[in-house]
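This is the structure I have questions about; it appears just below.
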Amino acid sequence: MAEASIAPVTASGPAPETGASFDAVVIGAGFSGMYMLHRLRGLGLTARVYEAGDGVGGTWYWNRYPGARCDVESVEYCYSFSEELRQEWDWTERYPSQPEILRYAEHVADRFDLRRDMRFRTRVTRAAYDEAASRWRVETDRGDRVTGRFLITAVGCLSDARVPGIPGAGSFRGDSHHTGRWPHEEVDLAGRRVAVIGTGSSGIQIIPVLAERAAQVTVFQRTPNFTIPAWNRPLDPGYARWVKDNHAEIRRSMRDSLFGIAAPFNTGSALAASEQERLAELEARWAHGGPGFLGAFGDTAVDPRANELVAEFVREKIRQTVEDPRVAELLSPRDHPIGTKRPCFDTDYYATFNRPNVRLVDVRTTPIEEITQTGLRTAEATYEVDTIVYATGYDALTGPLLAIDITGRGGTALREKWAAGPRTYLGLMTAGFPNLFTITGPGSPSVLSNMFVSIEQHVDWIAGCLRHLAGTGATVIEADPGAEDAWTRHVGEVAAQTLFPRADSWYLGANIPGKPRVFLPYPGGVGAYRVICDEVAAKGYEGFVLSP
Ligand code: N01
């Protein structure tokens, strides 16, 4: 069986629109599509937003699996554009749970009356640039046929859920669920024997919760991941008040930072520090928990020896936590430097393997050969289960864009143009596809950052660009191929200066068979990237071609 993308089911809804024309068509009603719509309205432009789900929220609409939670702190994982919104919304936990983030998305949609320009349960299937009319012709799976002067993708970086092509998967008689397409109704796990395939961020979050609810959990691990404790807790109201009162300063530091978070990142060297200093710094950051752990030293991301010191600190924590030394060793990552795969942040992940109802199967040495009607068979044993959870990830960044049949000038398909990997200018546009903007597209910091910081930066930049076009009388903007070549090269060069290319990660497309191995996000940091984008705009959109 081939690896498959899981398309969500679409259902009935309002009658399809044909012949309508808008200033902009936006694809996706997650946090980027919602804010884009708000800004388009502010510019006096008309817009239609299409969304495959039955509501707003994007990632947080689909990822309803038990334990789903953001690993950026709630007070930082939210919009900053509205003072009133910031003042009226109160988070309840240090790290927001999926239901709370979804409530926030729904609150924003209500507050800014966003839904009236949105069409739900509607998937954009095709978008073709009509050169004569300088408009995008957009088609959906429900029969909509509309045009937009601008086409803005707000499709999310991690929305194309993938299940591996394991032979026999279709014959399984129990339930199977992908974490990114979790059912809306309660999944009954009591008394069940559950298999979990995958130990990335989703697996690491769901496994401890499943272990508490199910009779037995068998974890099929191919690659162990480094995970740092989140130490989630109720949000201290005094701290929340302080953040609101000091919002401008905190946001400024997030925007200027590497990853869009406020946690301080040291520049000092792990190698230069004495053992005592190094352990003290790492212990303090471990005790604080969350993404700030990786900011203990400035050379962790670039120097293998510095990285190994930090990695070994985490392995020692695993050995201290997991009672069975064999299991502790299996859980200890040794094939990639820490931080080169997306770091995970957990609640009780390693301790969960001390429970009698949890077992770990190493499918690196004994691969899953077949899924049978009643379970999974590896090279060594068979495992009878009632439920299979696929925590097997996504075709990241390019997957959701290439799932749409997008054609630009001369009928060139985006799939064709990006056959050897995505080519963009600033991750915002791609040459040959005029007036197509890609919010948090490949070649921008996107997944290497707090998504809210990157989303707001891109949406604000696009809104500024549209204002500039209106002011100058230009109607078409397009990336210059030379500027695009230089940017694409630059993204690769910056990645090559780091340890990122040493991991087989989804950042590089390594999780999707046949996907070109290209570092997808821009690793230069959100602060530096923002400066570049602002300079481009200040120089009259240097590297873009504007025409009447
Ligand atoms: O997916 P992943 P994810 N047999 O691709 C394994 C964001 N996120 O959904 O490493 C056996 O990371 C695969 O193994 P390997 C976050 O950016 C954020 O967990 O390829 N195993 C891996 O272990 C994150 O990085 C949050 O060897 C197979 C796992 O499946 C991104 O989403 C929460 C397999 C996939 O891990 C994706 O995370 C959740 C096979 N055939 C997600 N195929 C928070 O904010 C794949 N695997 C907290």
Side-chain angles (χ1 to χ4, degrees), residues 1-4 6 58-60 62-74 76-77 95-98 101 156-167 169 177-182 195-207 209 218-228 230 232 259 261 290-291 331 333 335-336 339-347 349 360-371 376 378 388-397 399 440 446-452 454 503-513 515 520-521:
M1 202 174 106
E3 160 128 352
I6 310 181
T59 286
W60 302 102
W62 297 108
N63 279 266
R64 294 165 186 253
Y65 61 85
R69 184 179 292 287
C70 184
D71 50 25
V72 174
E73 296 201 16
S74 56
E76 298 175 17
Y77 194 76
Y95 295 99
S97 67
Q98 176 271 334
I101 303 172
C157 301
L158 295 157
S159 51
D160 188 1
R162 308 297 288 197
V163 286
I166 301 172
H177 307 294
H178 189 285
T179 47
R181 293 286 178 270
W182 200 260
V196 181
I197 305 176
T199 51
S201 299
S202 306
I204 280 171
Q205 284 193 329
I206 199 172
I207 287 162
V209 183
T218 309
V219 177
F220 294 84
Q221 172 191 273
R222 189 164 65 186
T223 312
N225 247 314
F226 293 98
T227 171
I228 314 301
N232 186 42
F259 303 111
I261 56 174
L331 288 167
D335 76 330
H336 64 278
T340 54
K341 284 189 155 201
R342 165 66 153 77
C344 304
F345 306 97
D346 70 278
T347 298
Y349 180 67
L360 183 64
V361 178
D362 172 18
V363 298
R364 174 73 62 197
T365 48
T366 55
I368 303 168
E369 292 193 333
E370 187 192 8
I371 295 181
L376 294 89
T378 69
I388 299 176
V389 173
Y390 290 97
T392 46
Y394 301 86
D395 185 351
L397 283 110
T440 65
S446 60
V447 290
L448 292 178
S449 70
N450 172 356
M451 290 305 290
F452 268 95
S454 287
D504 286 331
S505 69
W506 58 254
Y507 293 145
L508 275 157
N511 62 327
I512 302 296
K515 188 167 175 172
L520 296 166

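Counting starts at 1 for both ligands and their atoms, following the listed order. Side chains included, hydrogens not; waters and symmetry mates left out as well; all remaining heavy atoms used. This chain uses plain numbering: 1 for the first residue, then up along the sequence.
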Between Thr199 (side chain) and Thr223 (backbone), is there a donor-acceptor pair under 3.5 Å?
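A pair under 3.5 Å: yes.
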Residues two or more places apart in sequence or in another chain: which of them pass side-chain hydrogen bond (donor to acceptor under 3.5 Å, both in side chains) with Asp335?
none
Give a table of atom pairs where an N or O of ligand 1 lies under 3.5 Å from a protein N or O.
from	atom 1	to	atom 2	distance (Å)
ligand 1	9 (O)	Ser202	OG	2.6
ligand 1	10 (O)	Thr223	OG1	3.3
ligand 1	10 (O)	Lys341	NZ	2.8
ligand 1	17 (O)	Arg342	NE	3.1
ligand 1	19 (O)	Ser201	N	3.0
ligand 1	19 (O)	Ser202	N	2.8
ligand 1	19 (O)	Ser202	OG	3.3
ligand 1	20 (O)	Arg222	NH2	2.9
ligand 1	23 (O)	Thr199	N	2.9
ligand 1	25 (O)	Trp506	NE1	3.0
ligand 1	27 (O)	Arg222	NE	2.9
ligand 1	27 (O)	Thr223	OG1	2.4
ligand 1	30 (O)	Ala391	O	3.3
ligand 1	45 (O)	Asp71	N	3.4
ligand 1	45 (O)	Asp71	OD1	3.4

Taking Tyr95's backbone N and O only, do any of them form a donor-acceptor pair with Asp71's side chain (distance below 3.5 Å, no angle check)?
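No; zero donor-acceptor contacts below 3.5 Å.
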May I ask you to decide if Ile261's main-chain N or O and Asn450's side chain share a donor-acceptor pair within less than 3.5 Å?
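No, the answer is negative, given that no donor and acceptor are paired below the 3.5 Å cut-off.
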Should the pair Asp160-Arg162 be classified as a salt bridge under the 4.0 Å nitrogen-to-oxygen rule?
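Looking at Arg162 together with Asp160, the answer is yes, because their closest N to O distance falls below 4.0 Å.
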Tell me, do Gln221 and Leu331 make a side-chain contact under 4.5 Å, heavy atoms counted?
yes
